[in-house]
Amino acid sequence: MTSPLPPLVTPPSRILMGPGPSDVDPRVLAALCAPTVGHLDPYFLKIMDELQGMLRQVFRTQNRLTLAVSGTGSAGMETCVANLIEPGDKMVVGVNGVFGGRMADVAARCGAEVIKIERPFGEVFDPAEIEAAMKTHRPKVVGLVNAETSTGAYQPMPEIAKIVHAQGGLIVMDCVTSLAGMPVEIDGWDIDAAYSGTQKCLSCPPGLAPVTFGDRAVAALDARKTKVQSWYLDLQMVKEYWGGSRAYHHTAPINMNYALHAALRCVLEEGLEQRWARHAKLHQVLRAGLEALGLSYVVAEPYRLPMLNSVRIPDGIDDAKVRSLLLQEFGLEIGGGLGPMKGKVWRIGLMGAACTPKNVVTCVSALEYALRKNGNNVTPGAGPAAVTAALLA
Ligand SMILES: *Cc1c(COP(=O)(O)O)cnc(C)c1O
């Protein structure tokens, strides 16, 4: 007996305003559909070189070792940690959300002696805490999340990077969510190694992880006494393909690299600063609308991320009901809470191509309707009126 073939893939139309993936620019989708060539085809090698050049511009770095790891943002995290850590090395990891916790887990799997410094979800670390941890533990590496997508909190980096370097450490930064949505300055902040993902503010489908390594980090790779625990993510081999002897390591995901090339081109065509300004402005517009609906932010104002708005779910409102109504009636996806915030917060993303006035208007209007439909007595029109006023401001 044969079962009938499933229908062809025909995804519903969605507005992606969750924690990622975000809406993808049609030019990026078109690049994804271009004919596949070989991974050593001169055409593809040219695409790789151009992609590396554009990545350096977006990371704001001169680092030679800048490339796109095959895999999602988490593969970028593993690449940075696995290449810098040898068994027995000490690594301090700041854990104030899910992604800091993930980095600590990855470090332990690489054989690091992990020292977690913790903060409640929604808070950030201050330089003095990092300095104290450096002095007590003398770690080889410190890992921090610049934009903690699980909470919406922004971790300032430059002062901490200075402290880490003064104590002889290396700093690894997660900029999966911050890159291309707010200022990220790899060279300006003196970051040793950083990783990102394609599916947040770069507005490309999930599948690649941009990484960059500076001189100190490259020296640490060269000084390793043991092999990198992961064969797939070993940069000594991967980097040969990305600009050295072009030796085959693994087959590059050709079409994903086309897509990232197109996405980076979109970012640079808009202008990085203009893109940051768009996210900052529309964050204020969204905020006006959400506050008019009676929703309050989880994170203190100076540390709020423009691209990830975490707000408390009002008493008496059922998280799952509201989110499924938004999805079914408006094709709108917003995120729920993770870890200790599950059921307590919504995470509303404003990432890349999804960060538009049209989406903010839709989101606030739809949320107002969903809240009223679920028994909340917010004044009709309060949300859209605040959005209009903020757009005009
Ligand atoms: C999304 C995200 C990751 C993981 O990326 P995946 O693409 O899900 O593997 C890591 N760190 C942060 C801060 C993220 O937002």
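One-based numbering, in listed order, for ligands and for the atoms of each. What you see is a predicted model; the values in this text were computed from it and never measured.
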Using modelled atom types only, decide if a donor and an acceptor are shared between the side chain of Arg14 and the backbone of Leu16 within a distance under 3.5 Å.
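Absent.
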
Holding to side-chain hydrogen bond (donor to acceptor under 3.5 Å, both in side chains), I want the full list of residues that pass it with Glu123, two or more places apart in sequence or in another chain.
Arg119

Side chains of [X] and [Y] only: does a donor on one sit below 3.5 Å from an acceptor on the other?
{"X": "Asp25", "Y": "Ser203", "answer": "no"}
{"X": "Glu329", "Y": "Tyr369", "answer": "yes"}
{"X": "Arg138", "Y": "Gln167", "answer": "yes"}

Would you call the rings of Tyr297 and His283 parallel, tilted or perpendicular, taking 30° and 60° as the class edges?
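Ring orientation, 0 to 90° scale: perpendicular.
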
Report all protein residues having a heavy-atom distance below 4.0 Å to some atom of ligand 1; order the list by chain, then number.
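Within the 4.0 Å shell of ligand 1, which is judged on heavy atoms, sit Thr72, Gly73, Ser74, Phe99, Arg102, Val145, Ala147, Thr149, Asp174, Val176, Thr177, Gln199, Lys200.
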
